[in-house]
Amino acid sequence: MGVLSIGVFSSLIGSMNLDFALKLADAALQKGHKVNLWLSGNATSLVKKDQKHLKDYSTGEKPLKALLEKGVEVCTCEACTLARGIQKTDAIEGVQWNAMHWYLAKIHESDRVLHIGGE
Amino acid sequence: MGVLSIGVFSSLIGSMNLDFALKLADAALQKGHKVNLWLSGNATSLVKKDQKHLKDYSTGEKPLKALLEKGVEVCTCEACTLARGIQKTDAIEGVQWNAMHWYLAKIHESDRVLHIGGE
Amino acid sequence: MADTKLAFVVQRPPYKSENPKLAITHAIAYQTVEILLEEGETVTPTLCFIGDGVLACIKDQKAMDTYGITSTETHLKNALLVDLDVFVCKEDLERFGITEDKIVNADDMGADKRIQVVPYETIQAEMEAAKHVLFF
Amino acid sequence: MADTKLAFVVQRPPYKSENPKLAITHAIAYQTVEILLEEGETVTPTLCFIGDGVLACIKDQKAMDTYGITSTETHLKNALLVDLDVFVCKEDLERFGITEDKIVNADDMGADKRIQVVPYETIQAEMEAAKHVLFF
Amino acid sequence: MRLAVFVSDLRSTVDTLERLKAEKLGIVLVGNGVYHASLKENGKSSPLLDKPASFYVLSEDLETRGISASEVDSRVKVVNYGDVVDLIFNEYEKLAWL
Amino acid sequence: MRLAVFVSDLRSTVDTLERLKAEKLGIVLVGNGVYHASLKENGKSSPLLDKPASFYVLSEDLETRGISASEVDSRVKVVNYGDVVDLIFNEYEKLAWL
């Protein structure tokens, strides 16, 4: 079994890249792999708690919590998150807050890295 | 003097479309026009208060407050905002919360409409 | 100025951005705008799909099953149900080989309206007739 | 596995998205990653600019004066100051007619490194030599 | 119609501008659209500038990207935010952000 | 190198894929990239499919857009999320999202 790190920059709603990342993470877990998830840029909006689940919009809170429970390590880029006005107290519990070196360190131990940088 | 309504869907940080919209609104005010600003989609992230002003990131809070003080009517799409986990209590004061018909009503009374829909 | 005519032009494919969905939901809002207007004043948007935007009109979208979100198809059905004029560019459909039977309709929901396949000329005329144009 | 070599490839122009900026800031983070690694372990990213990404390397960017944000130029200077290898594709610069004197440098800040203008081949080789590739 | 089109990208994923007709057409280059005003690829100016239109480029967005006004094609007028407001109200009636 | 490239757009603003070289190249069509698997323009399949590569398309993303597996070009294999995980770990070593 391997280690997969996924890094994402895309926004919570709109591009569906984040939906993709969450589903891929779950599929990798089900195959027995370890998964790390790094959120930076607009993807940091994923960690805001109390997202209202309206059917018209992608929602990240529920799938993210499920991944956290299953042992996925999730970290949000602290500067990117604060710049958007989201504080630690506003964030989904269990998400780590760190600087970009967290991602590099996880990459270091990873067998595979999928970096979703495109918008 | 005329009425300009600007509608934006772009995210607070990244594309710089929102920076453009804020600066254009201010320039129109300085020329004596009335300005309305409608935020929908990812642009609703602009209304989150307590954005940390880091030099590496666009910040919307200060210019938005300045526009509000100068009489610009600003409204955020309620559903789009709640879907992102931003509540009214988290939002910059003076911003209106309404449904999409607010924008149509403002368009109705406008001489010019600049709709920034592209990502 | 009893009625303000608007042309909403969707030029991008669905799901990559919120544009096509938000175009439809903003257009549907014409139904309730009267509560904010003076007596007798109205706003009438026309929804036009051109370029890759026509891909939003393909039926049998399973977004609710796959990702748990309302499909662009469902939004389009709602637009037809509230009697919006929805135009899709004939030349672009032909370019992609999309036949009329593959296009969303809301017949099952009892809508009188259908998506109208029209030449680009008609959409250009809509933009000219409108007071404002909004591109998505 | 003492060192993990990474290729960061920037292919999009600056300011339209955060990609080029975040590529640079993520690469710079290699400097402090050791606090999270075992003794002797390191991560070494190389920053490569290809396609429209090379536009990030044009100097005299006034983003701080115009919009109050750090320019991509400033980020690039920081990358040179922390001794990252920064490569820019020669063929793409030539295609745009961008001469070397128009490219960002950090000489005024006392950097030893300069942005290296290299053929695409060299960047391809960097991707092959790297354990992981990250596109921005 | 008198139409001002805002172009904010270097590479477009839509072909709308190619078929939009207007009696009076203005093209306002903003954001990464400003590259069209100055950048030559293989020695050639952007094909956008061959359109029968009036061209404007936003000075703030040029400066942000390290482009000086002297590099701007002679067919394009350099304007600031205030000028854009005047164009919107005085020269054009409909606006399109593509 | 064994490289799997993820294509998530119908229209690309980058030309990276044209020059990327890999001994073993896989192209995974996801998001709006799935249109490449089925859509014909003026009767022609996407030029992407002419590349010397193995092609995969994500079934969930096809279904989302109203495209059935029967419309997919014969050069493209329909896969689900679990299959993508196996491709990532078993068939390729480096991954690129363009």
Side-chain angles (χ1 to χ4, degrees), chain A residues 2-12 14-15 17-18 20-21 24 28 33-46 73-84 86 96-119, chain D residues 1-53 56 68-70 75 78-79 82 84 127 130-136:
Chain A
V3 179
L4 170 66
S5 286
I6 305 174
V8 203
F9 290 172
S10 311
S11 53
L12 168 61
S15 80
N17 287 353
L18 212 41
F20 175 89
L24 184 70
H33 303 290
K34 169 162 172 44
V35 180
N36 303 306
L37 181 61
W38 168 248
L39 305 166
S40 184
N42 281 327
T44 58
S45 54
L46 172 60
E73 283 199 66
V74 181
C75 184
T76 191
C77 172
E78 180 154 348
C80 295
T81 318
L82 293 174
R84 287 160 177 82
I86 303 170
Q96 300 174 51
W97 288 58
N98 209 326
M100 294 169 184
H101 54 220
W102 184 93
Y103 186 35
L104 297 187
K106 289 300 176 192
I107 286 176
H108 180 72
E109 68 172 41
S110 293
D111 300 295
R112 298 290 182 271
V113 174
L114 180 60
H115 179 77
I116 304 179
E119 278 295 299
Chain D
M1 200 175 71
D3 182 51
T4 298
K5 200 168 153 41
L6 305 177
F8 281 33
V9 186
V10 180
Q11 45 178 354
R12 290 186 169 82
Y15 302 110
K16 169 67 189 184
S17 89
E18 279 194 285
N19 276 321
K21 177 189 81 179
L22 291 174
I24 303 168
T25 52
H26 279 71
I28 289 173
Y30 94 101
Q31 255 215 317
T32 49
V33 70
E34 64 190 43
I35 58 174
L36 299 173
L37 300 180
E38 303 285 314
E39 182 78 29
E41 308 266 288
T42 52
V43 177
T44 310
T46 304
L47 253 176
C48 308
F49 292 84
I50 65 169
D52 297 342
I69 55 167
T70 312
H75 289 295
N78 291 338
V82 299
L84 277 172
M127 292 191 260
K131 185 173 179 206
H132 302 294
V133 291
L134 290 81
F135 286 81
F136 296 81

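Scope of the values below: all heavy atoms of this structure, side chains included, with no hydrogens, waters or symmetry mates. In this text the structure is predicted, and so the values were computed from the model without any measurement. Note on naming: letters A, B, ... go to the chains in the order of the sequence lines (proteins, then strands), and numbering restarts at 1 for each one.
- The side-chain heavy atoms of Val113(A) and Leu6(D), taken from C-beta on, include no pair separated by under 4.5 Å.
- In terms of heavy atoms, His132(D) sits closest to Asp111(A) at CE1-O, 3.3 Å.
- Residue Ile28(D) does not touch chain A at all, counting heavy-atom pairs closer than 4.5 Å.
- Scanning all heavy atoms of the two residues, the minimum distance from Lys131(D) to His108(A) falls at NZ-O, 4.3 Å.
- Using a 4.5 Å cut-off between heavy atoms, Phe135(D) contacts chain A through its backbone alone, with no side-chain atom that close.
- Every residue meeting the side-chain contact (heavy atoms from CB on, under 4.5 Å) condition with Ala28(A), not counting sequence neighbours, appears here in chain and number order: Leu4(A), His33(A), Val35(A), Val85(F).
- When all heavy atoms are compared, the tightest approach of His26(D) to Ser40(A) is CE1-OG, 3.3 Å.
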Side-chain donor-acceptor distances from residues 98-106 of chain A under 3.5 Å, at least two apart:
from: Asn98(A); atom 1: OD1; to: His101(A); atom 2: NE2; distance (Å): 3.4
from: His101(A); atom 1: ND1; to: Thr32(D); atom 2: OG1; distance (Å): 2.7
from: Trp102(A); atom 1: NE1; to: Gln96(A); atom 2: OE1; distance (Å): 3.1
from: Tyr103(A); atom 1: OH; to: His115(A); atom 2: ND1; distance (Å): 2.8
from: Lys106(A); atom 1: NZ; to: Glu73(A); atom 2: OE1; distance (Å): 3.4
from: Lys106(A); atom 1: NZ; to: Glu73(A); atom 2: OE2; distance (Å): 2.9

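- Side chains of Cys80(A) and Leu22(D) form a contact here, defined as non-hydrogen atoms less than 4.5 Å apart.
- For chain A, the nearby parts of Leu134(D) are the backbone and the side chain; heavy atoms of each come within less than 4.5 Å.
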